[in-house]
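Counting convention: from 1, in listed order, for ligands and their atoms alike. Sequential numbering from 1 along the given sequence is applied to the chain's residues.
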Amino acid sequence: MRISFTAIGIIQTPFTDIAGMPIQPSGATNVPGQLVLDAQYEEGLADLNGFSHLILLYHFHLSKGYSLTVKPFLDTVERGLFSTRAPRRPNPIGLSIVRLDRIDGCILHVLDVDMLDGTPLLDIKPYVPTFDMRSDARAGWLEQSQERSASLKSDQRFREKK
Ligand SMILES: C[S@@+](CC[C@H](N)C(=O)[O-])C[C@H]1O[C@@H](n2cnc3c(N)ncnc32)[C@H](O)[C@@H]1O
C-alpha cells in the first residue's frame with residue numbers, strides 16, 4: 001500500500017549539519033526550535049496552550065535508504081533496525097517529545113529539539129502522561145546505555161548506506 005503525506009509545516013532548529021547534533025531530546029535540553037505551521041492549519045492549534053509537552057512526528061528528509069540491522073550510536077554491535085531509533089528506515093518518520101514554550105499565531109516555540117533545521121513536520125499531538133507514560137517500561141538492549149543519549153552526538157553514520 002502506498003501512502004502519501006503532506007507536511008503541515010517546517011521545523012526550524014539550530015542544527016544545519018548532522019555531525020555533532022544531539023541524538024535525542026535528552027541531549028538537547030533547552031535547545032530552542034520553532035514549528036512553523038502552514039497558515040491553513042492555525043485553527044487546529046486552539047487549546048494546545050495548556051500542554052507542557054508535544055509529540056512531534058516528522059520526516060527524516062535527508063535520510064537515504066535503510067539497512068535492517070544497524071550499529072546504533074549507543075552501541076558497538078549490530079541491532080535490528082526496529083529495536084533502534086535510527087533515522088534510516090523503510091518509512092523515515094521521526095518522533096520527538098519536545099517542551100512547548102509558547103504559541104505565536106502559526107509559530108510554536110519549543111525546546112529540546114533533536115532534528116535538523118528544515119525538517120518537514122507531519123503531525124503534532126499533545127503529550128498526555130496518562131496515555132503516554134509507562135512506569136513499568138523496559139528499554140531492552142538500551143537498558144545499559146540509555147543515559148549516554150544525553151551526551152552522545154550524531155555523526156554521518158546514519159546518512160549513508162552501508
Ligand atoms: C537517532 S534520531 C532520533 C530522532 C527522534 N527522537 C526519534 O527517536 O525518532 C536523531 C538523529 O537523526 C538524524 N536526523 C535528524 N533530523 C534529520 C533529518 N531531517 N533527516 C535525516 N536525518 C536526521 C541526526 O543524526 C540526529 O542526531
Quiz prompt | Donor-acceptor side-chain pairing of D114 and S96 below 3.5 angstrom | solution = yes

Quiz item: Where's the contact between F15 and ligand 1, heavy-atom distance under 4.0 Å: side chain, backbone, both or neither?
Solution: neither

Exercise. Check the surroundings of atom CD in E143: do more than 12 heavy atoms from other residues, nucleotides or ligands lie under 6.0 Å from it?
Key: yes

Exercise. Check the hydrophobic clustering (I, L, V, M, F, W, Y; side-chain heavy atoms under 4.5 Å; chains of links allowed) and say if F51 and I97 are grouped together.
Key: no

Quiz prompt | Sidechain-backbone polar pair: S63 side chain, P87 backbone, donor-acceptor under 3.5 Å | solution = yes

Self-check item: Between R102 and N49, a side-chain donor and acceptor under 3.5 Å
Solution: no

Quiz item: Do the charged groups of K71 and D75 touch, with an N to O distance under 4.0 Å?
Solution: no

Quiz item: Given L95, T119, L116, D114, which has its nearest heavy atom closest to atom 7 (C) of ligand 1?
Solution: L95

Exercise. Provide the number and element of each atom of ligand 1 under 4.0 Å from a heavy atom of G94.
Key: 9 (O)

Quiz item: Does P22 come within less than 4.0 Å of ligand 1, judged by its heavy atoms?
Solution: yes

Quiz item: Looking at Y58, which atoms of ligand 1 are within less than 4.0 Å of one of its heavy atoms?
Solution: 4 (C), 5 (C), 6 (N)

Quiz item: Just which atoms of ligand 1 are under 4.0 Å from any heavy atom in L62?
Solution: 20 (N), 21 (C)

Practice problem: Number the atoms of ligand 1 from 1 as they appear, then name those within less than 4.0 Å of a heavy atom of M115, with their elements. | Solution: 15 (C), 16 (N)

Quiz item: Evaluating non-hydrogen atoms only, which member of S63, S96, S154, P120 is closest to atom 21 (C) of ligand 1?
Solution: S63

Quiz item: Okay, side chain of D117, backbone of T13: is any donor-acceptor separation there less than 3.5 Å?
Solution: yes

Quiz item: Counting each atom of ligand 1 from 1 as listed, which ones have a heavy atom of H61 under 4.0 Å away?
Solution: 18 (C), 19 (N), 20 (N)

Quiz item: Where does I18 meet ligand 1, judged by heavy-atom distances below 4.0 Å: at the side chain, the backbone, both, or neither?
Solution: side chain

Quiz item: Side chain or backbone of P92 under 4.0 Å from ligand 1, or both, or neither, by non-hydrogen atoms?
Solution: neither

Quiz prompt | Donor-acceptor contact below 3.5 Å, side chain R134 vs main chain F131 | solution = yes

